[in-house]
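FYI, the numbering just counts along the sequence from 1. Values reported hereafter were calculated over all heavy atoms of this structure, with side chains retained and with hydrogens, waters and symmetry mates removed. Order of appearance sets the numbers: ligands from 1, and atoms from 1 within every ligand.
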Amino acid sequence: MMLPDLISVIVRALSFIALFQAAGIAIVIALFGGLFERSSQGIRNVGFVSAVAGIFLVALHYALEAARMAGSLAGVVDWHLQSLVLDSPMSAAAAMRLSGLALIAYALRRDGLVPALLGIIGAGVISVAFTLVGHTADEGRSMWLGAILSLHLLVVAFWFGALVPLHIASRVEPRQTAAQIVEQFSRVATLAVPCLFLLGLVLTFALVNGWAVFTEAYGLLILVKVGTFALLMGLASLNKWRYAPRLVDSDAAVSGFQRAVVAEYLLICIVLIATTVMTTFFSPSH
Ligand code: HEM
C-alpha cells in the first residue's frame with residue numbers, strides 16, 4: 001500500500017466518525033431535543049465540534065485523492081490531477097458532505113423548529129452524498145440501491161449519534177429525566193436497528209455476485225460487520241432489559257449503562273473503520 005492510500009483511508013475513517021456523530025446529534029436533537037434539560041448545551045457542543053472536524057477531514061480527504069492517483073503526496077499540488085478529481089463525482093459528493101456539515105453546525109448553534117429541520121436536512125444531504133460515489137453508484141446499479149444505502153446510513157447516524165447524548169444525559173440529567181430519555185431512544189431504536197441489519201443484507205446481496213465473495217476481503221469485512229453487529233445487539237439488549245428499567249434507583253445500573261454505551265460506541269467505530277477499508281480497497285464483484 002502506498003503512503004497516500006494509507007493517509008487517505010485513515011482520514012476517511014475519521015471523517016466517517018465525524019460525519020455520523022454530527023448527523024446523529026442533529027437527528028437526536030430534532031427528535032428528542034425537548035427532553036434534554038441540563039445536557040442540551042453539552043450535546044450540541046459535541047455535535048458542533050464534530051461538524052467542524054468533519055468539514056476539515058472531508059476537505060483533506062478530497063485533496064488527497066490526487067495524491068492517490070499520483071502515488072505520491074506531491075500529487076496534492078498537481079493541478080492537472082486536481083482538475084480530474086474536480087470533474088469526477090467525488091467533487092459533488094464532497095460538496096454535499098461539506099454543505100450537510102455546515103448546515104448541522106449552523107443548526108446546532110440555534111434553538112427552535114427551523115434549525116431542527118435544517119439539522120435533519122443536513123443529515124439527509126450527508127446520507128445521499130454517499131450514493132454519488134462507491135459501489136452502489138457503479139454503472140448499471142438501480143437507483144433503489146442508493147435509496148437503500150441512504151436509509152442504512154440514516155439509521156447508522158441515529159444509533160451512533162445517540163450514544164454520546166445518552167452518556168452525557170445519564171451523567172448530567174436528574175435520574176427520572178435520564179430514564180425517560182433512554183426509554184424514548186430505545187423505543188425508536190428497537191424498530192430502527194433491525195432495519196439497519198435488513199438494509200445491510202439487501203445491499204450485500206444486491207452488490208455481490210455469489211457466495212465466493214465471502215472467502216475474499218470484501219466478503220470477510222462484511223462478516224466482520226455482521227459479527228460486530230451481533231455483539232452490538234447483545235449490548236443494546238443488556239441496556240434495554242437489564243440497566244434501563246433500574247436507572248432511577250440504582251447506581252450500579254447507571255454505571256453498567258454507561259460502560260455498555262462506551263462499548264457500543266467503540267464497536268460502531270470498529271464497524272465504520274472496517275467499512276472504510278472495505279469500500280476504499282475492495283470490490284464486491286471480484
Ligand atoms: C453498526 C453497524 C453498521 C454500520 C456502522 C455500517 C456503516 C456503513 C457505512 C458508513 C456505509 C457506507 C460506506 C460507503 O459508501 O463508503 C455502509 C455501507 C454498506 N453496509 Fe453497512 N453498516 C453497519 C451494518 C451493516 C451490516 C450488518 C451489513 C450486512 C448485513 C452491512 C452492509 C453494508 C453494505 C453491503 C454496504 C455497501 C458497501 C459498498 O458500497 O460496497 N452494514 N455501511
Engineer: So is Arg12 close enough to ligand 1, meaning a heavy atom under 4.0 angstrom away?
Structural biologist: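 Yes, Arg12 has heavy atoms under 4.0 Å from ligand 1.
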
Engineer: In terms of atom number and element, which parts of ligand 1 are under 4.0 angstrom from non-hydrogen atoms of Thr204?
Structural biologist: 29 (C), 32 (C), 35 (C)

Engineer: Would the number of heavy atoms belonging to other residues, nucleotides or ligands and lying under 6.0 Å from CZ of Arg242 be above 12?
Structural biologist: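 It does not: Arg242 CZ has 12 such atoms or fewer within range.
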
Engineer: Other residues, nucleotides and ligands only: do more than 12 of their heavy atoms fall within 6.0 Å of CZ on Phe214?
Structural biologist: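 Yes, CZ of Phe214 has more than 12 neighbouring heavy atoms, counting only those of other groups under 6.0 Å.
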
Engineer: When you measure from atom 9 (C) of ligand 1 to each heavy atom in Thr136, Val133, Leu153, which option holds the nearest one?
Structural biologist: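 The residue whose heavy atom sits nearest atom 9 (C) of ligand 1 is Leu153.
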
Engineer: Show the atoms of ligand 1 that are less than 4.0 angstrom away from any heavy atom in Tyr218.
Structural biologist: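 Listed by number with element, the hits are 35 (C), 38 (C), 39 (C), 41 (O).
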
Engineer: Number the atoms of ligand 1 from 1 as they appear, then name those within less than 4.0 Å of a heavy atom of Lys225, with their elements.
Structural biologist: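 This gives 6 (C), 7 (C), 8 (C), 17 (C), 18 (C), 19 (C), 20 (N), 21 (Fe), 22 (N), 23 (C), 24 (C), 25 (C), 31 (C), 32 (C), 33 (C), 42 (N), 43 (N) as the contact atoms.
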
Engineer: Just which atoms of ligand 1 are under 4.0 Å from any heavy atom in Phe20?
Structural biologist: 10 (C)

Engineer: Got an N/O contact under 3.5 Å between His135 and ligand 1?
Structural biologist: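 Yes.
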
Engineer: Between Phe16 and Phe160, is the ring centroid distance below 6.0 Å?
Structural biologist: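 No, ring centres 6.0 Å or more apart.
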
Engineer: Within the 4.0 Å heavy-atom shell around Val156, which atoms of ligand 1 are there?
Structural biologist: 4 (C), 5 (C), 6 (C), 7 (C)

Engineer: Can you tell me if Gly200 has a non-hydrogen atom under 4.0 Å from ligand 1?
Structural biologist: yes

Engineer: Using a 4.0 Å cutoff against the non-hydrogen atoms of Leu149, which atoms of ligand 1 qualify?
Structural biologist: 18 (C)

Engineer: State the atoms of ligand 1, each with its element, that fall below the 4.0 Å cut-off from a heavy-atom position in Phe197.
Structural biologist: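 Under 4.0 Å from Phe197, ligand 1 has these atoms: 27 (C).
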
Engineer: Would you say the side-chain atoms of Asn45 and Arg109 include a donor-acceptor pair closer than 3.5 Å?
Structural biologist: yes

Engineer: Would you say Thr276 contacts ligand 1, with heavy atoms under 4.0 Å as the rule?
Structural biologist: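 Per 4.0 Å heavy-atom rule, Thr276 does not contact ligand 1.
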
Engineer: Quick check on the 6.0 Å ring-centre criterion: do Phe185 and Phe32 meet it?
Structural biologist: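 No, they do not, as the ring centres are separated by 6.0 Å or more.
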
Engineer: Measure from atom 34 (C) of ligand 1 to every heavy atom in Leu196, Leu203, Val226 and give the option owning the shortest one.
Structural biologist: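 Looking at heavy atoms only, Leu203 sits closest to atom 34 (C) of ligand 1.
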
Engineer: Checking Arg110 against Tyr106: charged group under 6.0 Å from the ring centre and within 45 degrees of the axis?
Structural biologist: yes

Engineer: Could you list which atoms of ligand 1 come closer than 4.0 Å to a heavy atom of Met278?
Structural biologist: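 Those qualifying, in numeric order: 38 (C).
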
Engineer: Near Phe229 CZ, under 6.0 Å, is it more than 12 heavy atoms from other residues, nucleotides or ligands?
Structural biologist: yes

